[in-house]
Protein chains: 2
Amino acid sequence: MHKTALFLAAALLACAAHAAAPKPAKPARSAADVLKDSPTSDWRALDPDNTLLMDLAAGQVIIELAPRFAPAHAANIRALAHGGYWDGLAIVRVQDNFVTQWGDPDGDDAAKARPLPAGASPKLPAEFSVPIERIGKSAGFTKLPDVDGWAPRAGFAQGFPVAADPRTGQAWLAHCYGMVGAGRSDAVDSSNGTELYVVIGHAPRGLDLNITVVGRVLKGMELLSALPRGTGAMGFYDKPEQRVGIQHVRLLADVPVAERPALQVLKTDSTTWQQLLDARRFRGGWYVHSPAHVDICSAGVPTRPAP
Amino acid sequence: MHKTALFLAAALLACAAHAAAPKPAKPARSAADVLKDSPTSDWRALDPDNTLLMDLAAGQVIIELAPRFAPAHAANIRALAHGGYWDGLAIVRVQDNFVTQWGDPDGDDAAKARPLPAGASPKLPAEFSVPIERIGKSAGFTKLPDVDGWAPRAGFAQGFPVAADPRTGQAWLAHCYGMVGAGRSDAVDSSNGTELYVVIGHAPRGLDLNITVVGRVLKGMELLSALPRGTGAMGFYDKPEQRVGIQHVRLLADVPVAERPALQVLKTDSTTWQQLLDARRFRGGWYVHSPAHVDICSAGVPTRPAP
């Protein structure tokens, strides 16, 4: 299962995924070489106002917020992190092939629940989708020509996997591996960003349009995906001692510049990203068959240490 | 993210996933109720000749082989298990959002490699696909009407997710979460079933038709998916002490009847399975939006303790 040389080819047209795959015009660079040769301008720095650093005993998780898709949740999460809301709270749920979830274990007990810090709101609107205009050129939206069974349109905007439906005029973040959402109970507006989850299995796209997605994990997924699964209902940890403590969650803007991780994110409106998608559609080296297809959840957006 | 009442509805036609979803004709039973009310005849017992029990210190993993799709590999794996080949070997690789892999840590060193037991072959043919006729009525193939971006035809046969292409006349097992394959090096016929992997992340469908898939995990996935990720190249464990030991892998037929797990598997050519797929397409309760879609990798085939 090595990954070696890969091939470029013209992108497929939407709904043509089932047609014969066009042969790559010529052998091209491997994915590794695409990344190695990528121009500096195809990468961006972390945004201090939209990046969270979550410190666990095992290491650091870096999360990027998506204010274009969930502005009220992003603002509240900023205030929660700024006020140290999650410091000393815990990962409370790990359900296999579904989600890892964290928050206040005593959140349902008004007497014991951690109070919200100044500036954080206990109640937010549901932000399950946004007007489709919001994923236009200004968001650097790039449409994926490959067919997506879950939505009539799919692609990437500012590093996030996005689905959209021109008939309803709505666009939304897709529940891919590593995407972070805000847990809610039955009321659609019952999330406020205090309880968050991350997808750790096959994309549960059935959650799309049912819950507010707030961002994605840029780095440290293995610290959230490899935790012991909870044995309670829906993967909640049965006993308090099974929970995994959260040391701190900080907004990057609140972290001294010298302590900030020097990480870069590939721009998804870049030529490099399109070349990487082609490298996944048309394979070489170890591979003897090319799928001539990618889906928005099978193509993770790379990060790298700042050069 | 509770899952409560669900709705039934007519299945969508292929390629109609992007059309407006038909409203469910009427509210129907929840997935839990579908399972609770399912007739005994919709369930089957484990097949002793095609079931492996893998014992780890943390518990037991149950794997079902797929001889219809990989007859030579299934036969060899039977012989390997019968001869105790994996007893005392180890899980050697865990790559996040990809695979967990096990076998002989010394397999590449002819002097130290564990010898194959009697009846096991060092060399097998590649079994990446089978003639499409093999997934006909005799295999209980049920076509999924929902569009699949990776293949022109998709569905289930004998509990396994299957993709097929009428143009090439081939059918193959899909790399969904929990599917088990036989590792190979560059030569397509370099797998012999001694080194196996299981998918632990978003379905890497790009592997389809590139490697022999031999079965799937029926129970105990969380023992393989929650292991610490390896920090070596491709997720291999750097140090021998990081490996996870395998106590035994036994063929169910070799296990005394009294010790065999009393597990049943839902038949995928059953009415119950079709009702469960509909319950995923059309949601109720906590859900406010229905995807009107499933994919072969988002719908896991249930097991249950024998009643």
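For clarity, every value in this text was computed on a predicted model and none was experimentally measured. So you know, we letter chains A, B, ... as the sequences are listed, proteins then strands, and number each from 1.
The candidate with the highest count of non-hydrogen atom pairs below 4.5 Å against chain A, out of B:Pro228, B:Gly206, B:Cys297, B:Gly181, is B:Cys297. The candidate with the highest count of non-hydrogen atom pairs below 4.5 Å against chain A, out of B:Gly178, B:Gly300, B:Cys176, B:Ser298, is B:Ser298. Ranked by heavy-atom pairs shorter than 4.5 Å toward chain A, the options B:Ala203, B:Ala233, B:Ala187 are led by B:Ala203. If you tally non-hydrogen atom pairs under 4.5 Å between each of A:Arg229, A:Arg205, A:His202 and chain B, the highest count goes to A:His202.
Contacts of A:Val188 with chain B are made by side-chain atoms alone, with heavy-atom separations under 4.5 Å and no backbone atom involved. Interface remark: A:Asn97 contributes backbone and side-chain atoms alike to the contact with chain B (heavy atom separation under 4.5 Å). For B:Leu209, the parts sitting under 4.5 Å from any heavy atom of chain A are the backbone and the side chain alike. With a 4.5 angstrom heavy-atom cutoff, B:Asp208 touches chain A only via backbone atoms.
Heavy-atom neighbours of chain B within the stretch residues 213-225 of chain A, taken at a separation under 4.5 angstrom, comprise A:Met221, A:Glu222, A:Ser225.
Judged by distance alone, the side chain of B:Asn192 and the main-chain N or O of B:Leu124 form no donor-acceptor pair under 3.5 Å. Of the possible donor and acceptor atoms, none in the side chain of A:Arg153 sits under 3.5 Å from a partner among the backbone N and O of A:Pro166. The closest donor-acceptor contact from the side chain of A:Ser290 to the backbone of A:Arg283 lies under 3.5 Å. Remark: side-chain polar atoms of A:Asp189 are not paired, donor with acceptor, to backbone N or O of A:Ala126 under 3.5 angstrom. With hydrogens and angles ignored, the 3.5 Å screen pairs no side-chain donor or acceptor of B:Thr100 with any backbone N or O of B:Val94. Side-chain N or O atoms of B:Ser190 include none that pairs as donor or acceptor with a backbone N or O of B:Arg184 at under 3.5 Å. Panel note: side chain A:Gln101, backbone A:Gly183; no donor-acceptor pair is recorded below 3.5 Å.
For the atom pair A:Phe98 CZ and A:Ile200 CD1, the distance stands at 10.0 Å (nearest 0.5 Å). Note that CZ of A:Arg281 and CG of A:Leu276 are 11.0 Å apart. Values are rounded to the nearest 0.5 Å.
Ring-plane geometry between B:Trp172 and A:His289 is classed as tilted, the angle between the planes lying from 30 to 60 degrees on a 0 to 90 degree scale.
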